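Beneath this line is the structure, given in structure tokens, with notes to follow.
Residue numbers begin at 1 in each chain, while the letters A, B, ... track the order of the sequences. The model shown is predicted, which means the values in this text are computed figures rather than measured ones.
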Protein chains: 2
Amino acid sequence: MAKRKLDQTPRFADMLAAMGSEPRLRIVRLLLATHPTGAKAGDIQAELGIPSSTLSHHLEKLRNEDLIAMRRDGTSLWYTANVDVLRELLSFLYAECCTRSQVIAVEEILSACNS
Amino acid sequence: MAKRKLDQTPRFADMLAAMGSEPRLRIVRLLLATHPTGAKAGDIQAELGIPSSTLSHHLEKLRNEDLIAMRRDGTSLWYTANVDVLRELLSFLYAECCTRSQVIAVEEILSACNS
DNA sequence: TCTGTATTTCTACTAGTATCGAAATATATG
DNA sequence: CATATATTTCGATACTAGTAGAAATACAGA
């Protein structure tokens, strides 16, 4: 087994933690549902009924983990899901699946949702 | 859009939160790697270098979310990953992917790792 | 430039989570 | 039944995260 260049576990753990709260998971799902257009902060706030300051806090956390991206359009800020990063996360989870007991290739985790 | 029977979001958020800490993510990956045999608590402890009381705490949390299962064999407790539940989680994440903008079927998320 | 709208940053409080040594429990074996 | 091994439960501490009202910032339009 070759030496790992860099352990990605802490990074993916942080990503999972970022999605591991009900409001943030709802946000991510909303952005997946509206992908690739995304949604304005105000829309998210209206749909999920979260106070704007709290919402901003959550969006920042998701953005820190690179799970979502932001772009400005006038006074509105649009948020979109980073589906590539999400795919990366799922691949990581299953990358070592069963490697020590039986050989099962786990390729092509997801090919939907073109970014 | 039909009325939802029950909102699964809190449950899946808890599952993500359970995997959203570095030691627990390592545990899950170790159990995936050794699936379907699994590993004894002592083996996990040795491999990850976590004090037994701390490890026990983490294992309990993962078990509460049904991400792993436990069975006793003599004085040893064996833990295994619940790959079905993990698959369910991945499906949930992508279930509504792009539904509001373009129609992309997201079936067959994962067919590897037969439980 | 003044006004309104969209969103973030500041500040503070509360509650939950991670950690681990020590003691307790469960099982097996001589 | 006494002892050894495997693992959990107890208890205590330190840290981290979620929440939201109020103030600040960014942009657009008259």
### Query
How do Asp73(A) and Ser52(A) order along DNA chain D: which one's closest nucleotide is nearer the 5' end?
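Of the two residues, Ser52(A) wins.
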Check every atom of [options] against the side chain of [X] and return the nucleotide holding the closest atom.
{"X": "Ser53(B)", "options": "dG18(D), dG21(D), dG21(C)", "result": "dG21(C)"}
{"X": "Thr54(A)", "options": "dC27(D), dT8(C), dA20(D)", "result": "dA20(D)"}
{"X": "Met70(B)", "options": "dC20(C), dT8(C), dT8(D)", "result": "dT8(D)"}
{"X": "Thr75(A)", "options": "dC20(C), dC27(D), dT27(C)", "result": "dC27(D)"}
{"X": "Lys61(B)", "options": "dT7(D), dT17(C), dT8(C)", "result": "dT17(C)"}

### Query
With no hydrogens and no angle check, is any side-chain donor or acceptor of Ser56(A) less than 3.5 Å from a backbone partner on Ser52(A)?
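Pair absent, no side-chain N/O of Ser56(A) close to backbone of Ser52(A).
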### Task
Looking at every strand, decide which applies to His58(A) at a 4.0 Å heavy-atom threshold: base, sugar-phosphate, or nothing.
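Touches sugar-phosphate only.
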### Query
What nucleic acid atoms does Ser76(B) come within less than 4.0 Å of, heavy atoms only: base, sugar-phosphate, or nothing?
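The residue Ser76(B) makes sugar-phosphate contact but no base contact.
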Rounding to a whole Å, what distance do you find between [X]:[atom1] and [N]:[atom2]?
{"X": "Glu60(A)", "N": "dA20(D)", "atom1": "CD", "atom2": "C1'", "answer": "15 Å"}
{"X": "Asp14(A)", "N": "dA18(C)", "atom1": "CG", "atom2": "P", "answer": "13 Å"}
{"X": "Gln45(B)", "N": "dC20(C)", "atom1": "CD", "atom2": "P", "answer": "11 Å"}
{"X": "Ile50(B)", "N": "dT7(D)", "atom1": "CD1", "atom2": "P", "answer": "14 Å"}
{"X": "Arg71(A)", "N": "dA26(D)", "atom1": "CZ", "atom2": "C1'", "answer": "18 Å"}
{"X": "Asp43(B)", "N": "dT5(D)", "atom1": "CG", "atom2": "P", "answer": "16 Å"}
{"X": "Leu55(A)", "N": "dA20(D)", "atom1": "CG", "atom2": "P", "answer": "11 Å"}
{"X": "Ile27(A)", "N": "dT19(D)", "atom1": "CD1", "atom2": "P", "answer": "10 Å"}

When you measure from the side-chain N and O atoms of [X] to the phosphate of [N], is any distance below 4.0 Å, counting only OP1 and OP2?
{"X": "Ser56(A)", "N": "dT8(C)", "answer": "yes"}
{"X": "Arg72(A)", "N": "dC27(D)", "answer": "yes"}
{"X": "Tyr79(B)", "N": "dT8(D)", "answer": "yes"}
{"X": "Lys40(A)", "N": "dT7(C)", "answer": "no"}
{"X": "Arg24(B)", "N": "dA18(C)", "answer": "yes"}

### Query
Do we get Arg29(B) above Phe92(A)'s six-membered ring, with its NZ or CZ under 6.0 Å from the centre and within 45° of the axis?
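Judged by the rule, Arg29(B) and Phe92(A) form a cation-pi pair.
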With a 4.5 Å heavy-atom cut-off, do [X] and [Y] have their side chains touching?
{"X": "Leu59(A)", "Y": "Leu55(A)", "value": "yes"}
{"X": "Trp78(A)", "Y": "Arg72(A)", "value": "no"}
{"X": "Leu77(B)", "Y": "Arg71(B)", "value": "no"}

